[in-house]
J.: 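One structure, pasted below without further comment.
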Amino acid sequence: MRHSLTSSFADSQLALRTTRANLRGERAGGEFVLYWMQGTHRLEENWALRCATREADRLGLPLLIHQGLDPTYEHANDRIHSFILHNARELSRRADKTGLRYQFALRRRRDDDRRTVDRLATRAALVVTDAVPTAGIAERTMRLAGRVDCRVVTVESHAIVPAALFEKEEWAARTLRPKIMAHLEHALEPVSDRPPKAEMTESLWRSLEVDRLDLEGDLAAEVARCDIDHSVPPAPMVSGRTAAMARLKAFCARTLPDYDTRRNEPADADGSSRMSAYLHFGQVSAAQVARAAIAAVGRPAADKFLDELVTWRELSLNFCLRNARFRQLRALPPWVHQTMEKHAGDRREVVYSLAQLEAAQTHHPLWNAAQRELLATGIIHNVMRMYWGKSVLTWSATYGDALRHLIHLNDKWALDGRDPSSYGGIQWCFGKFDRPWGERPVWGTMRSMSLDRAYKKFDAAGYERRWRGEELTL
DNA sequence: ATCGGCTCGCGCAA
DNA sequence: TGCGCGAAGCCGAT
């Protein structure tokens with residue numbers, strides 16, 4: 001059964017996901033409700049958009065969806081810029097068809113201090129935006145909330161089960177799993193989406209036309225004109241909802257039935273869902289992915305995939321929401337700190353600089369293959385990601401260097417860089433969510449993993465061949 | 001090929 | 001207070 005947005009189910013979800021970012025009131029005489037789209041780049045199953053739509057209806061105002069892209073975010077580059085811009089083109093076309101007003105502003109130069117959102121906010125009754133703890137979004141939101149003189153609220157759309165239900169930092173997957181799974185079925189019930197009742201007049205739409213980018217233009221040329229790092233080229237993966245849904249459909253039909261075994265084979269190009277980039281930018285909702293998986297193979301069969309998509313993904317969100325130090329060693333549990341202290345002086349077999357790691361110039365061909373996959377595609381296969389991270393842990397002068405280098409490489413090159421799941425995954429390599437294991441040099445009691453042993457477990461040679469160098473095909 | 005020990009602490013049962 | 005248990009490991013004994 002489908003719920004309308006006025007049902008109590010949607011009401012309670014929305015209430016759980018919504019937080020005020022300042023204590024100001026609605027602006028009297030505001031001309032529209034502004035949804036500032038920061039972290040959830042979709043028009044469906046977007047709780048912030050639902051919130052903004054409902055507020056617009058309550059106030060009898062039209063709704064403006066505004067998305068902006070600045071050159072100032074950390075590692076701003078062609079890969080991330082073009083992934084966002086190509087999705088924006090699709091959003092714009094879809095908005096036109098569904099009666100939504102969507103616009104995109106591209107700030108090309110760092111010295112351009114125009115603040116499009118501020119200007120829009122001075123005419124809005126209130127601002128609704130996405131609640132995301134990473135990628136600088138929470139900080140950007142708080143700065144705006146302090147500057148503008150109207151209400152700013154944030155809405156969380158990342159999780160299937162509202163993150164607000166879990167107030168404290170979870171210890172491990174096993175502590176969150178039973179709680180989150182108890183809510184899953186209910187949380188997956190679909191809610192229908194409708195455009196706001198009040199249409200925006202053409203004159204209002206035209207009067208808001210400041211810095212509005214023509215998304216039908218040459219997007220590559222737009223990216224080239226931006227004051228960003230042009231050394232990170234666009235990834236081959238096609239951005240946008242259409243591509244994401246096609247990939248999801250293929251994955252559900254072809255891979256999901258044998259997911260338990262195929263997921264452990266990094267040489268199998270179609271063995272994993274490859275949804276992480278789409279999920280990171282919110283181009284599709286995790287709930288939709290989960291529903292598709294369950295519809296395809298049913299409940300026990302989909303459980304392994306759901307454990308990753310729901311439990312581990314939302315464990316990472318909980319981590320980044322509840323632990324402000326999610327990018328630092330400080331976030332790790334006491335037993336890790338004790339063992340790091342004890343082994344800080346252990347001799348490292350090799351120490352690589354960030355530049356050597358980035359250039360995939362280590363002594364180990366399998367590690368270099370994973371790094372090349374990252375450089376070429378913006379993705380490292382799930383299984384290889386662990387070996388990639390665990391290896392750097394032992395190849396750095398300090399644990400802090402290792403963590404910084406991994407976060408740098410991932411934030412800069414990965415399409416899901418800056419996602420909570422990325423930080424959760426990297427920190428897992430340092431013992432987060434894990435338990436201690438047998439003590440060894442450098443590793444201490446952190447779980448060790450050996451690249452050399454990988455050849456006995458899966459077709460590491462095949463993976464190595466696949467990412468030998470020149471081949472950049474997916 | 002399989003098994004246990006390595007080692008910690010949460011969260012539940014009692 | 002005790003006890004079971006845990007993303008994917010490693011190593012050595014059998």
Side-chain angles (χ1 to χ4, degrees), chain A residues 165-182 255 258-268 271-273 275-276 293 300-319 322-323 329 331-343 346 349 364 366-367 370 379-395 406 416 419-460 463:
Chain A
L165 287 174
F166 314 106
E167 289 176 15
K168 69 169 188 61
E169 184 179 359
E170 293 289 331
W171 179 261
R174 74 186 156 89
T175 64
L176 180 61
R177 188 177 289 116
K179 298 179 206 168
I180 212 160
M181 285 300 157
T255 309
D258 317 304
Y259 186 64
D260 288 13
T261 52
R262 288 186 67 181
R263 64 176 302 284
N264 292 314
E265 190 42 79
D268 180 353
S272 53
S273 72
M275 296 303 289
S276 62
D303 281 0
K304 182 63 206 165
F305 178 65
L306 291 177
D307 196 50
E308 290 162 5
L309 178 73
V310 186
T311 302
W312 282 91
R313 181 165 177 272
E314 296 185 16
L315 178 65
S316 291
L317 176 66
N318 169 272
F319 169 48
R322 309 302 176 206
N323 193 329
L329 294 175
L332 295 165
W335 68 266
V336 176
H337 283 282
Q338 279 162 26
T339 203
M340 286 193 305
E341 209 169 302
K342 189 171 168 189
H343 291 272
D346 291 2
E349 300 264 317
H364 210 293
L366 186 53
W367 192 93
I379 297 168
I380 302 181
H381 189 281
N382 304 329
V383 171
M384 284 309 302
R385 235 182 240 227
M386 296 184 294
Y387 287 88
W388 175 81
K390 289 278 190 185
S391 300
V392 173
L393 164 57
T394 64
W395 293 346
L406 288 167
D416 67 352
D419 194 81
S421 294
S422 278
Y423 297 118
I426 290 170
Q427 293 274 24
W428 178 85
C429 296
F430 295 75
K432 184 72 190 175
F433 311 129
D434 206 5
R435 70 183 196 271
W437 298 83
E439 192 162 15
R440 317 183 63 196
V442 188
W443 296 101
T445 54
M446 288 176 272
R447 179 197 302 255
S448 64
M449 287 180 91
S450 152
L451 286 167
D452 293 327
R453 281 183 62 103
Y455 294 84
K456 299 188 183 87
K457 296 186 182 174
F458 53 83
D459 184 16
Y463 176 82

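Keep in mind it's a predicted model, so treat the numbers as computed, not measured. The sequence lines fix the lettering, A, B, ..., with proteins before strands; numbering per chain opens at 1.
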J.: May I ask you to say whether Arg385(A) pairs ionically with Asp416(A), meaning some side-chain N is under 4.0 Å from a carboxylate O?
T.: yes
J.: Would you sort out whether Glu349(A) and Val442(A) count as a side chain to side chain contact (heavy atoms under 4.5 Å, CB included), showing the intermediate values?
T.: CA-CA 9 Å; Glu349(A) 300 264 317; Val442(A) 188; over 6 Å; no
J.: Would you give the length of the straight line joining atom CG of Asp459(A) to atom CG of Asn264(A), rounded to the nearest 0.5 angstrom?
T.: 13.0 Å
J.: Counting the atoms with a prime plus P, OP1 and OP2 as sugar-phosphate, which does Trp335(A) contact under 4.0 Å by heavy atoms, base, sugar-phosphate, or nothing?
T.: sugar-phosphate
J.: If only side-chain N and O atoms of Arg440(A) are considered, is one of them under 4.0 Å from the OP1 or OP2 phosphate oxygen of dC10(C)?
T.: no
J.: Phosphate oxygens OP1/OP2 of dC10(C): is one of them under 4.0 Å from a side-chain N or O of Lys457(A)?
T.: yes
J.: Which nucleotide in the list dC10(C), dA8(C), dA7(C) gets nearest to the side chain of Met386(A)?
T.: dA8(C)
J.: Round to a whole Å and report the spacing from NZ of Lys456(A) to P of dC11(C).
T.: 9 Å
J.: Please report, rounded to the nearest Å, how far the P atom of dG9(C) is from the CZ atom of Arg435(A).
T.: 11 Å
J.: What is the distance from atom CH2 of Trp437(A) to atom CZ of Arg435(A), rounded to the nearest 0.5 Å?
T.: 3.5 Å
J.: Any salt bridge linking Glu167(A) with Lys179(A)? Criterion: basic side-chain nitrogen under 4.0 Å from a carboxylate oxygen.
T.: no
J.: Starting at CD1 of Ile426(A) and ending at C1' of dA7(C), how long is that distance when rounded to a whole Å?
T.: 16 Å
J.: Whether the Glu169(A) and Asn323(A) side chains hold a donor-acceptor pair (N or O, under 3.5 Å, no angle test) is what I'd like checked.
T.: yes
J.: Between which nucleotides of DNA chain B, read 5' to 3', does contact with chain A run, using atoms under 4.0 Å from its heavy atoms?
T.: dC6(B) to dG11(B)
J.: In this structure, how many angstroms lie between the P atom of dA8(C) and the CD atom of Glu308(A), rounded?
T.: 12 Å
J.: Would you mind reading off the distance between Asp303(A) atom CG and dA7(C) atom P, rounded to a whole angstrom?
T.: 14 Å
J.: Any donor-acceptor pair under 3.5 Å between the side chain of Arg263(A) and the base of dA8(C)?
T.: yes
J.: For DNA chain C, what is the dot-bracket line, given that a base pair needs Watson-Crick (N1 to N3, plus N6-O4 or O6-N4) or G-U wobble (N1-O2 and O6-N3) geometry with both distances under 3.5 Å, and | means paired with another strand?
T.: ||||||..||||||
J.: May I ask you to say what Asp434(A) touches in the nucleic acid, namely base, sugar-phosphate or nothing, with a heavy-atom cut-off under 4.0 Å?
T.: nothing
J.: Rounded to the nearest 0.5 Å, what's the gap from NZ on Lys432(A) to CE on Met446(A)? Could you check?
T.: 14.0 Å
J.: Give the rounded distance in Å between these two atoms: CG of Leu451(A) and P of dG9(C).
T.: 13 Å
J.: Would you indicate what Ala172(A) reaches in the nucleic acid, counting non-hydrogen atoms under 4.0 angstrom: base, sugar-phosphate, or nothing?
T.: nothing
J.: Could you tell me how far dG12(C) sits from dT7(B) if I compare only their P atoms? Round to whole Å.
T.: 15 Å
J.: With rounding to the nearest 0.5 angstrom, report the CH2 to CZ distance, Trp171(A) to Phe319(A).
T.: 12.0 Å
J.: Using the P atom in both, what is the distance from dG9(C) to dG9(B), to the nearest Å?
T.: 23 Å
J.: Which part of the nucleic acid, if any, lies within contact of Lys304(A), taking any heavy atom under 4.0 Å across all strands shown: a base, the sugar-phosphate backbone alone, or nothing?
T.: nothing
J.: Spell out, as yes or no, whether a donor-acceptor pair under 3.5 Å connects the side chain of Thr394(A) to the backbone of Ser391(A).
T.: yes
J.: Tell me: CZ of Arg174(A) to P of dA8(C), nearest whole Å?
T.: 12 Å
J.: Determine whether the side chains of Asp452(A) and His364(A) contain a donor N or O and an acceptor N or O closer than 3.5 Å.
T.: yes
J.: When you measure from the side-chain N and O atoms of Arg453(A) to the phosphate of dC10(C), is any distance below 4.0 Å, counting only OP1 and OP2?
T.: yes
J.: Once you round it to whole Å, what is the distance between C1' of dG6(C) and CZ of Arg177(A)?
T.: 9 Å
